[in-house]
Amino acid sequence: MATPTFSFTKGSTLTISGVYTQSSPAAPANLDGIDLYCTVRDSRFNDYPLVVTKDSPTEFSMFYANTDDWHWGMGFMDMLFVSNGIAIYSETVNVVSLNNVTKNIYT
């Protein structure tokens, strides 16, 4: 199975929404009692923790206000699901931070 990849232009606000679905009978039915963490590691190995919010028992969102300091290129994002202090699941995806080559006309 291929590793998921998403791209965005550095300097933008990064907002990601997700939906939790139970993957097996042994997995939690929803996100109640589960803590979520997410960190992006840029192409120069700098880590940027995202703000993670549970929006409902099955929906969550991740947010980083300004990615201007992130280095462009291929990085990684790791999402971690924790229950009672124990990591029960993690997912890593590729992140491509694109360098903005067009000057913003509004600044």
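- Members clustered with Trp72: none, using a 4.5 Å side-chain heavy-atom cutoff among hydrophobic residues.
- Panel note: side chain Lys54, backbone Ile34; a donor-acceptor pair is recorded below 3.5 Å.
- The minimum heavy-atom distance between Pro57 and Asp32, with the atom names listed, is CB-OD1, 3.9 Å.
- Under 3.5 Å, the side chains of Asp78 and Thr92 contain a donor-acceptor pair of N or O atoms.
- Without hydrogens or angle criteria, Lys10 side chain to Thr67 main chain gives no donor-acceptor distance under 3.5 Å.
- Within the model, atoms CZ of Phe63 and OG of Ser17 stand 11.5 Å from one another, a figure rounded to the nearest 0.5 Å.
- Cluster membership for Val96 and Leu14, using ILVMFWY side-chain heavy atoms within less than 4.5 angstrom, is not shared.
- Here the closest non-hydrogen pair linking Val40 and Trp70 is CG1-CZ3, 3.5 Å.
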Under 3.5 Å, side-chain donor or acceptor atoms of residues 20-28 against the rest of the protein: list the pairs with distances, not counting sequence neighbours.
{"residue": "Tyr20", "atom": "OH", "partner": "Pro28", "partner atom": "O", "Å": "2.5"}
{"residue": "Gln22", "atom": "NE2", "partner": "Ser24", "partner atom": "O", "Å": "3.3"}
{"residue": "Gln22", "atom": "NE2", "partner": "Ala27", "partner atom": "O", "Å": "2.8"}
{"residue": "Ser24", "atom": "OG", "partner": "Ala26", "partner atom": "N", "Å": "3.4"}
{"residue": "Ser24", "atom": "OG", "partner": "Ala27", "partner atom": "N", "Å": "3.4"}

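- Taking CE of Met74 as the start and OG of Ser7 as the end, the distance is 7.5 Å to the nearest 0.5 Å.
- Dense packing is recorded around CG of Asp68, with more than 12 heavy atoms of other residues, nucleotides or ligands lying under 6.0 Å away.
- Tyr37 and Met79 end up in different hydrophobic clusters when Ile, Leu, Val, Met, Phe, Trp and Tyr side chains are linked at under 4.5 Å.
- Taken from OH in Tyr64 to SG in Cys38, the straight-line distance is 12.0 Å, to the nearest 0.5 Å.
- Closest of all the heavy-atom pairs between Asn66 and Gly11 is OD1-O, 3.4 Å.
- Under the rule for a ring-ring contact (aromatic ring centres under 6.0 Å, His included), the partners of Tyr89 that lie at least two apart in sequence or sit in another chain are Phe81.
- Taking Thr53 as the reference, Val51, Asp55, Ser61 meet the side-chain contact (heavy atoms from CB on, under 4.5 Å) condition, with sequence neighbours excluded.
- Listed here is the closest heavy atom pair of Ser56 and Leu31: O-CD1, 4.4 Å.
- Ile16 is connected to Val95 through a chain of hydrophobic side-chain contacts under 4.5 Å among Ile, Leu, Val, Met, Phe, Trp and Tyr, so both are in one cluster.
- Hydrophobic cluster membership differs between Leu50 and Leu80, with clusters built from Ile, Leu, Val, Met, Phe, Trp and Tyr side chains linked at under 4.5 angstrom.
- Panel note: side chain Asn30, backbone Thr58; no donor-acceptor pair is recorded below 3.5 Å.
- With sequence neighbours left out, the salt bridge (Lys or Arg N to Asp or Glu O under 4.0 Å) criterion links Asp47 to Arg41.
- Linking Ile, Leu, Val, Met, Phe, Trp and Tyr residues whenever their side-chain heavy atoms come within less than 4.5 Å places Phe8 and Tyr48 in a single cluster.
- The side-chain contact (heavy atoms from CB on, under 4.5 Å) test with Met77 is passed by exactly one of Thr39, Thr5, Val93: Val93.
- Cluster partners of Phe76 are absent, since no Ile, Leu, Val, Met, Phe, Trp or Tyr has side-chain heavy atoms less than 4.5 Å from it.
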